[in-house]
Every structure is written in C-alpha cells, then in structure tokens.
Amino acid sequence: MSRRLAPEGVKRNITKRGYARDEERDDAFRQIIRSIPRGRVSTYARVAEAAGYPLFHRAVARLLRKDTLTSLPWQRIVGSGGEIRLKGEFAEEQRLRLRMEGVQFHGERVNMGIYQHELRRWEVLD
DNA sequence: ATCCTGACCCAAG
DNA sequence: GCTTGGGCCAGGA
C-alpha cells in the first residue's frame, strides 16, 4: 500500500504541536533526503517543504544531528545559498564528503546553480 | 511554565 | 558582499 506524506487536510503552518506525529514527519524527511542523488545537494528548507512541512527546516537539522547513523546522506543537506552550517571539523568532514562526490565549491559555498537537486514534492512509502 | 539554544532563513541596511 | 534582527519549531535545563 502507499500513501502520500503530509496528506491533504493535515494542518501545517501552525505553531502548536501535535498535529502530526513527529515520527511521521521525520520519515517524510528521510524519504526526501534519500532521494537526493550522489553529487547533488539540497537545503534544509527545501527538504522540509518537499516533505510537506514548510517552515520545518530546523526540524530537518535536528533529525540529521540525531539520525546520522541511519544511512542518510547527510552531507547533501546544506544551508540556503550553499552554505555549510556545521562547525569546525564537522564542516570539514562535510566538505570532504561532498568533494568526493564531485561537488565543487565556490569559496566556502557549494555552487548551487550547478549542484542543487530539484526535489520531488512527495514520495511513496512501501 | 520560562528561558536558552540550535547542522535555519530571509529581508533590511 | 556581510551583519543583524526577527521569525520559526522543538528539545533540554
């Protein structure tokens, strides 16, 4: 069976909790993140929006911080404008990983004009 | 409940 | 170009 993530009718854009299971939201994020191919990148905000949860960019960052070991290509998520948002050695690790995938930088930033991946707005589960 | 902080973002200046 | 302030959501103290 399949279902749309963030189905119609789910309330969004409101500041109260509890309108969607956090786990459901995180699954939506994981789907989107895994859809980014090698050598391409996307941003926190775009992942959130594509998953059906605009304004939840910070939640994407939280997930990546906590969920690094679940085979997510975390290095492919960067800040708007291609900025690396990790700090210190972690930022270096991300740059290294991206460069190994062939992503080139313009100064400190990823060249988004070339490497930004156009995300599909929804994904099918199962 | 309040306060602080963060792998965020964007409009202004 | 960069810096700032305000907005955003959620987790932890």
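We name chains A, B, ... by the order of the sequence lines, and we start the count at 1 in each one.
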Inset, instruction - Go through C:dG7, B:dA7, C:dC2 for me and flag the one nearest to the A:Arg58 side chain. - result: C:dG7
Residues 80-88 of chain A, side-chain donor-acceptor partners within the protein, below 3.5 Å, at least two apart:
none

Inset, instruction - Check whether any side-chain N or O of A:Arg65 sits under 4.0 Å from OP1 or OP2 of C:dG11, and answer yes or no. - result: no
Legend entry - For A:Ala48 against A:Phe29, the heavy-atom pair lying closest together: CA-CE2, 3.8 Å
Legend entry - Counterpart residues, side-chain hydrogen bond (donor to acceptor under 3.5 Å, both in side chains), relative to A:Arg30 (two or more places apart): A:Glu23, A:Asp27, A:Asp67
Legend entry - A:Arg109 side-chain proximity, nearest of B:dA7, C:dC2, C:dC9: C:dC2
Legend entry - Interatomic distance where CG belongs to A:Leu98 and P belongs to B:dA7 [whole Å]: 18 Å
Pairwise N/O distances under 3.5 Å, protein to nucleotides 9-13 of chain B:
unit_1: B:dC9; atom_1: OP1; unit_2: A:Ala45; atom_2: N; d: 3.3
unit_1: B:dC9; atom_1: OP2; unit_2: A:Ser80; atom_2: N; d: 2.9

Inset, instruction - Output all residues satisfying salt bridge (Lys or Arg N to Asp or Glu O under 4.0 Å) with A:Arg62, sequence neighbours left out; order by chain, then residue number. - result: none
Legend entry - Distance, rounded to the nearest Å, where A:Glu83 contributes CD and C:dT3 contributes P: 10 Å
Legend entry - Residue pairs, two or more places apart or on separate chains, that pass side chain to side chain donor-acceptor pair (under 3.5 Å) and touch residues 38-47 of chain A: A:Arg46-A:Gln116
Taking only distance into account, with no hydrogens and no angle test, what donor-acceptor pairs under 3.5 Å do side-chain atoms of residues 90-97 of chain A form with protein atoms, sequence neighbours excluded?
unit_1: A:Glu92; atom_1: OE2; unit_2: A:Arg95; atom_2: NH1; d: 3.0
unit_1: A:Glu93; atom_1: OE2; unit_2: A:Arg97; atom_2: NE; d: 2.8
unit_1: A:Gln94; atom_1: NE2; unit_2: A:Gln75; atom_2: O; d: 3.0
unit_1: A:Gln94; atom_1: NE2; unit_2: A:Ile77; atom_2: O; d: 2.9
unit_1: A:Arg95; atom_1: NH2; unit_2: A:Glu108; atom_2: OE1; d: 3.0

